[in-house]
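First comes the structure, then the notes that go with it.
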Amino acid sequence: MAEHKSLNVQCFVKKEFQPVFVGENSPKLLYVSDIRPDTSAHPRVMHAHEDFVELLLICSGSSTYLIHDKKYAVKAGDLLIYNSGVVHDEISSSENEVGSYCVAVGGLHMPGLRENALVPDDAGYVFPTGNDFETMRSLCEMMFRSLSSGEPRAEAFCHTLMHALLVKAVSIVGVKLAANDDEVIAEPSILGRRIKAYIDEHYAEPITLQSIGDALHVSPYYLSHVFKEMSGYSPMQYLLRRRIGEAQTLLITTDLPVTQIAGMVGYDTQSYFNLQFSRHVGMPPKKYRQNYIVSQEQEKTKGKRKKKKP
């Protein structure tokens, strides 16, 4: 006698749920980036975003990223969540190629959290997605494809997908609040964070190792040693990368002239700024600005080429 296969093909919503995005908590999708592995030779250097959250889904490769005040090993399948104000340095190269999707969201007012924080600040930054990876990747891919191709009502479609992405991200993080509430922070780590905070606040000014030491009442030699132990960078290396990273942000989000951007991040001359930028990013500032923004026409042309393939 033949067995009958189950005919259950529909699932019902069994539980009442409280919507996450209501009232003041009205997130807005700002941009979606498809960061291909072959662009790793031109990294997005150290920077922070003061008025939005970034979600970075690592799709291929592995590397070590500096996030806030520590270095983290990241690999394919990891979700990185940068609340507003979190400094991050996405370290990559032609030897460590990393492919990822980046989604920026503003207007977040999650219950019990500060503005533009998706997760508690002590919950961490790197979260393995496990079985949810393909779902997250598909959501990012659909958003990027829809926006870059200029589909009708792409913004409305992607706004809905963004809600799904955020709910899934919060689910992945779960209740993983940092288990270090009672952890005693060593005195050198406290000093390291003070040095970082000082540079983050004054990076556009003509600061030196001596001026940092004077401001914090610590010898330049000792503060340099402590900071490198904490972050992997000397204070001056951190300062340089901070300036270059902020310059990248200004290049891709404003129409300001390169000369003005150089001055805004602490450089007296554009020639020296161009030299440092090219050394750390792999191309001059003007070319970086031209290459970074996705051209809708380019995406349409690329799509037509794919369709012609047998």
query: Taking it one step at a time, do His49 and Glu54 satisfy side-chain contact (heavy atoms from CB on, under 4.5 Å)?
result: CA-CA 8 Å; His49 308 288; Glu54 265 193 346; 3.1 Å; yes
query: Going by an N to O cut-off under 4.0 Å, is there a salt bridge joining Arg114 and Asp121?
result: yes
- prompt: Salt-bridged, Asp69 to Lys196, with N to O below 4.0 Å?
  reply: no
Tell me yes or no: between the side chains of [X] and [Y], is some donor less than 3.5 Å from an acceptor?
X      : Y      : result
Arg44  : Thr249 : yes
His47  : Gln248 : no
Thr259 : Gln270 : yes

field: Stacked cation flag Lys228 on Tyr238, 6.0 angstrom / 45 deg
entry: no
field: Ring-face cation of Arg243 near Tyr203 (centre distance under 6.0 Å, axis angle within 45°)
entry: no
About how many Å separate [atom2] of [Y] and [atom1] of [X], when rounded to the nearest 0.5 Å?
X      : Y      : atom1 : atom2 : answer
Cys158 : Leu147 : SG    : CG    : 3.5 Å
His225 : Met230 : NE2   : CE    : 12.5 Å
Ile58  : Cys102 : CD1   : SG    : 9.5 Å
Ser224 : Met236 : OG    : CE    : 8.0 Å
Leu55  : Met162 : CG    : CE    : 10.5 Å
Phe144 : Ile35  : CZ    : CD1   : 10.0 Å

Do the side chains of [Y] and [X] get nearer than 4.5 Å, heavy atoms only?
X      : Y      : value
Gln237 : Leu240 : no
Val258 : Leu251 : yes
Arg194 : Tyr198 : no
Leu66  : Ser231 : yes
Arg279 : Phe277 : no
Thr64  : Val74  : no
Phe21  : Val167 : yes
Asp34  : Tyr101 : yes

Do you know which two heavy atoms are closest between [X] and [Y], and how far apart they sit?
X      : Y      : answer
Ser62  : Val98  : O-CG2, 3.7 Å
Ala154 : Ser146 : CB-OG, 3.3 Å
Leu118 : Val170 : CD1-CG2, 3.7 Å
Pro235 : Leu223 : CG-CD1, 3.8 Å
Pro43  : Val281 : CD-O, 3.8 Å
Ser278 : Pro284 : OG-CA, 3.4 Å

For [X] and [Y], indicate whether the former's side chain and the latter's backbone hold a donor-acceptor pair under 3.5 Å.
X      : Y      : value
Asn116 : Gly107 : yes
Asp78  : Lys75  : yes
Thr129 : Asp132 : no
Gln210 : Ser219 : no
Asn25  : His109 : yes
Asp51  : Gly106 : no
His159 : Glu155 : no

Please determine whether residues [X] and [Y] belong to a single hydrophobic cluster, defined as Ile, Leu, Val, Met, Phe, Trp and Tyr linked transitively by side-chain heavy-atom distances below 4.5 Å.
X      : Y      : value
Val226 : Ile207 : yes
Val173 : Phe52  : no
Met136 : Phe157 : yes
Leu30  : Val103 : no
Leu161 : Phe133 : yes

message: Please evaluate residues Arg289 and Ile261 with respect to the criterion side-chain contact (heavy atoms from CB on, under 4.5 Å), reporting the C-alpha separation (whole Å), side-chain torsions for both, the decisive distance (0.1 Å), and the verdict.
response: CA-CA 12 Å; Arg289 169 179 269 170; Ile261 290 174; 3.6 Å; yes
message: Would Phe127 and Ile81 count as a side-chain contact (heavy atoms from CB on, under 4.5 Å) here? Give the steps.
response: CA-CA 8 Å; Phe127 308 94; Ile81 299 178; 4.0 Å; yes
Over 12 non-hydrogen atoms of neighbours within 6.0 angstrom of CD in Glu134: yes
message: Within a 6.0 Å radius of atom CG on Asp38, are there more than 12 heavy atoms belonging to other residues, nucleotides or ligands?
response: yes
query: Centroid-to-centroid, Phe227 to Tyr233, below 6.0 Å?
result: no
- request: Please work out whether the ring planes of Tyr125 and His68 are parallel, tilted or perpendicular, with thresholds of 30° and 60°.
  value: tilted
Aromatic ring pairing His88/Tyr82, orientation class (parallel under 30°, perpendicular over 60°, tilted between): parallel
- prompt: Would Leu256 and Met264 count as a side-chain contact (heavy atoms from CB on, under 4.5 Å) if you check the C-alpha gap in whole Å, the side-chain angles of each, and the deciding distance to 0.1 Å?
  reply: CA-CA 10 Å; Leu256 295 172; Met264 289 171 68; 3.7 Å; yes
task: Assess whether side chain to side chain donor-acceptor pair (under 3.5 Å) is satisfied between Ser84 and Glu50, documenting all intermediate values.
output: CA-CA 5 Å; Ser84 63; Glu50 296 304 324; over 6 Å; no
